[in-house]
Amino acid sequence: MFLLVDCNNFFASVEQVFAPKLRNKPLVILSNNEGCIIARSKEAKAVGIPMGAPLFKYRDLIIKHDVTTLASNFPLYGDMSRRVMKILEDFELDLEIYSVDEAFLFIEQELDFLKLAAEIQKRILQWTGIPVSIGIAPTKTLAKVATTYAKSNGSGIVLLKDSQMIESYLKKLDVGEVWGIGHRLKEKLNSFRVKTAYELTQKNDSWIRNQMSVVGLRTVYELRGTSCLKLNEIASQKSILRSRSFTVEIGQLETLEQKIASFADTLGRQLRKYGLVCSQICTFASSNRHHTHVKYVSDSFHIQLTEPSSYTPLLISKAKKSLRKIFQKGVLYKRAGVLVYGLTNEDSKQRDLFSRPDIDEFERKRLMETYDRINHHYGEKSLYFAAEGFIKKNIDKSTSRSGCYTTSWDELLTISLSK
DNA sequence: TCTGGGGTCCTAGGACCC
DNA sequence: TCTGGGGTCCTAGGACCC
């Protein structure tokens, strides 16, 4: 059986752990530039604020219901996630960390699943303050279904086992709610009068294969109770991405180059932090997809490195070279980013047969180590590349950001006691 | 006026091989 | 005038996830 442990309203719950006055209140977490709502407390969901909604469309609702808005604090969420996962590891079961707020457990033997789930739930709440829902079923996709219902059944735990019970749940479930079916496939399925998950399971395999490819067929098998998706315990990351949407659209190559250089720098530091090197790099840029009066432009260009690397000057130069391949004069760019992939461990990297052993390599490594150490000691971007342009310090924003209570000595939580 | 950021996997089509 | 059949690999783009 698969157990899916899913943190409730994760980012909002984390904020509420450290700010008791926000508990049981409507609260939303905002993306960069305060553009989008990326997380909501239960109460914020209740007043009708959807996930991923642009903030400007919901200003009135937010004021009306006195909803608190917070800037996102990913270092804090990341650390709290690590703590939750650590607790799950303590149970010594097969574990797959699926996302920042979800993990699958796989249990081969027969045991009291409800009792175990209750113990997991209790321990995570007690040790971290984060409430979780748990779905238990014979396949991952059905465990997802179970979790959907667990979120609203009071106990936060649902065990989906016998076929009649599964059938009754699938009959209630909108096909678009199924894990692996997004809005495109939902529309398509609806056009064939497939509305519920159950109706989808009744379609024949070749039709599903044609309409939804093998991915969709696997999903349907899983819904029927045949497990196709295994537990992926050692999922090594395949790529690292750094991207941003810009508050002000960018039309100048030089400005865009500076942004790209800064992304490449961040990626270099990230690679070195994990002892990794990348063998490919890709730069992409796109215009505003919400504009209706101008054509949407989105391009990318990949470059293969002759030898895997994490050397920032190289990454910057390749990223800029890649940018120049796609940059179009006259286009206003809204979003851009750099992706590195083909990741391997630095000490096991494949060398280029025809390149000379590089005498400068040792010096480059020392340079990067020193660079990283200075930034670690004196703070992010104390030292940076001229290619990034002049970096202005953040001017204070209207939304407040909580402190990094668990990861920074300078931002420990302070508690005021009144008499 | 204002619309996130970080990932994975699959497929179609083109370039190339013999 | 008429031009094969069987493959592999790579890439961009699109679907999905949280």
Position toward the 5' end of DNA chain B (nearest nucleotide), A:K57 or A:R218:
A:K57
Hey, is the side chain of A:R209 poking within less than 4.0 Å of OP1 or OP2 on B:dC10, counting only N and O atoms?
no
Any Lys/Arg nitrogen of A:E222 or A:R218 sitting under 4.0 Å from an Asp/Glu carboxylate oxygen of the other?
no
Less than 4.0 angstrom from a charged side-chain N to a carboxylate O is my criterion; do A:E199 and A:R193 meet it?
no
For A:I240, which contact category applies under a 4.0 Å heavy-atom criterion: base, sugar-phosphate, or nothing?
sugar-phosphate
Under 4.0 Å between any heavy atoms, over every strand shown, what does A:F10 touch: base, sugar-phosphate, or nothing? Just pick one.
nothing
Return the 5'-most residue of the pair A:R335, A:K238 with respect to DNA chain B, ranking by each residue's nearest nucleotide.
A:R335
Nearest to the side chain of A:V214, which nucleotide is it out of B:dG4, B:dT11, C:dA12?
B:dT11
Applying a 4.0 Å non-hydrogen cut-off, can you work out what A:V215 is touching in the nucleic acid: base, sugar-phosphate, or nothing?
sugar-phosphate
Watson-Crick or G-U wobble mate for B:dC18, both contacts under 3.5 Å:
C:dG5
How is A:K144 classified with respect to the nucleic acid when contacts are heavy atoms under 4.0 Å: base, sugar-phosphate, or nothing?
sugar-phosphate
For atom CD of A:Q280 and atom P of C:dC10, their distance in whole Å:
9 Å
Can you check whether A:N32 has a side-chain N or O nearer than 4.0 Å to OP1 or OP2 of B:dG4?
no
To the nearest Å, how far apart are A:F74 CZ and B:dG6 P?
8 Å
Of the options B:dT3, B:dG4, C:dC17, whose atoms approach the side-chain atoms of A:Y98 most closely?
C:dC17
Sugar-phosphate only, base, or nothing, as touched by A:I181 at under 4.0 Å among non-hydrogen atoms
sugar-phosphate
Among the nucleotides B:dG5, B:dT8, C:dG13, whichever has the atom closest to the side chain of A:S300 is C:dG13
A:P54 has its side chain closest, among B:dT3, B:dG6, C:dC18, to B:dT3
Answer yes or no: does a side-chain N or O of A:K325 lie under 4.0 Å from OP1 or OP2 of C:dA12?
no
With a 4.0 Å limit, can you tell me whether A:S245 has a side-chain N or O closer than that to the phosphate oxygens OP1/OP2 of B:dG5?
yes
Base, sugar-phosphate or nothing for A:H291? Non-hydrogen atoms, less than 4.0 Å.
nothing
Can you list the steps and then say if A:E380 with A:N375 is a side-chain hydrogen bond (donor to acceptor under 3.5 Å, both in side chains)?
CA-CA 5 Å; A:E380 291 278 288; A:N375 277 324; over 6 Å; no
Of the options B:dG4, B:dG6, B:dT3, whose atoms approach the side-chain atoms of A:R289 most closely?
B:dG4
Rounded to whole angstroms, how far apart are CD on A:Q237 and P on B:dC9?
11 Å
Spacing between A:Y77 atom OH and C:dC18 atom P, to the nearest angstrom:
19 Å
Closest to the A:H290 side chain: C:dC16, B:dG4, C:dT11?
B:dG4
Do A:K230 and A:E96 meet the salt-bridge criterion of a basic N to acidic O distance under 4.0 Å?
no
For a quick test of reading the model: is some side-chain N or O of A:S239 closer than 4.0 Å to OP1 or OP2 of B:dT8?
yes
In whole angstrom, what separates A:H183's NE2 from C:dG14's C1'?
11 Å
Using a cut-off of strictly less than 4.0 Å, decide whether A:R242 has a side-chain nitrogen or oxygen near OP1 or OP2 of B:dG6.
yes
Salt bridge check, A:D6 against A:K144: does any charged N sit closer than 4.0 Å to a carboxylate O?
no
State whether A:H302 places a side-chain N or O below 4.0 Å from either non-bridging phosphate oxygen (OP1 or OP2) of C:dA12.
yes
Please measure how far the P atom in B:dT3 lies from the corresponding atom in C:dC18, and state the result in whole Å.
25 Å
Would you kindly give the CD-to-C1' distance between A:E96 and B:dT8, to the nearest whole Å?
12 Å
Rounding to a whole Å, what distance do you find between A:E102:CD and C:dC17:C1'?
9 Å
Heavy atoms only: give me the nearest A:F327-A:G251 pair and the separation to one decimal.
CZ-O, 3.3 Å
Proximal nucleotide (of B:dG4, C:dC18, B:dC10) relative to the A:S213 side chain:
B:dC10
Could you tell me whether A:V248 contacts a base, only the sugar-phosphate backbone, or nothing, with contacts defined as non-hydrogen atoms closer than 4.0 Å?
nothing
Which whole-number value in Å describes the distance from A:F104 CZ to B:dT8 C1'?
14 Å
Pair A:F11 and A:F74, ring centroids less than 6.0 Å apart:
yes
